[in-house]
Amino acid sequence: MTNSAVINFRSNPQNKIRIERLAKMTKRPASFYYNYLLEEYLDDLEDIFLAEEVIKNIRSGKEKTYTLAEVERELGL
């Protein structure tokens with residue numbers, strides 16, 4: 001048994017067709033390409049969307065910011 005999980009999601013038909021065509025041409029399962037995409041781009045997506053969340057929190061006053069001088073002073077630099 002492999003170490004994997006089943007995930008169901010909706011995609012636009014064009015992306016599904018492209019993945020299926022690529023899978024057929026390369027004789028790999030479509031799941032190989034879905035996993036590849038996740039592995040390659042999930043870190044970037046986390047960075048982007050989590051950063052946007054931090055920006056919203058800063059703008060709403062839920063998260064405090066510090067100047068470089070404050071950080072240096074706190075760290076004794």
Which pairs would a plain distance check flag for residues 33-40, meaning a side-chain donor or acceptor within less than 3.5 Å of a matching protein atom at least two apart in sequence or in another chain?
from : atom 1 : to  : atom 2 : distance (Å)
Y33  : OH     : T26 : OG1    : 2.6
N35  : ND2    : S31 : O      : 3.0

With a 4.5 Å heavy-atom cut-off, do F9 and I7 have their side chains touching?
-> yes
Distance (rounded to the nearest 0.5 Å) between L68 CG and R73 CZ = 10.5 Å
Do other residues, nucleotides or ligands put more than 12 heavy atoms under 6.0 Å from the NZ atom of K64?
-> yes
Atom pair CG/CG of L45 and D43 - distance to nearest 0.5 Å | 9.0 Å
Should F32 and I17 be regarded as members of a common hydrophobic cluster, given that ILVMFWY residues are connected when their side-chain heavy atoms come within less than 4.5 Å of each other, either directly or indirectly?
-> no
Should L50 and V54 be counted in the same cluster of Ile, Leu, Val, Met, Phe, Trp and Tyr side chains packed under 4.5 Å apart?
-> no
Nearest atoms (heavy-atom pairs only) where A23 meets P29 | CB-C, 4.0 Å
Can you tell me how far the CD atom of E63 sits from the NZ atom of K56, to the nearest 0.5 Å?
-> 12.5 Å
Once you round to the nearest 0.5 Å, how far does CG of D44 lie from CZ of F49?
-> 11.0 Å
Who pairs with T65 by side-chain contact (heavy atoms from CB on, under 4.5 Å), at least two apart in sequence or on another chain?
-> I58
Just grab all the side chain to side chain donor-acceptor pair (under 3.5 Å) pairs involving residues 7-17, residues at least two apart or on different chains.
-> K16-E20
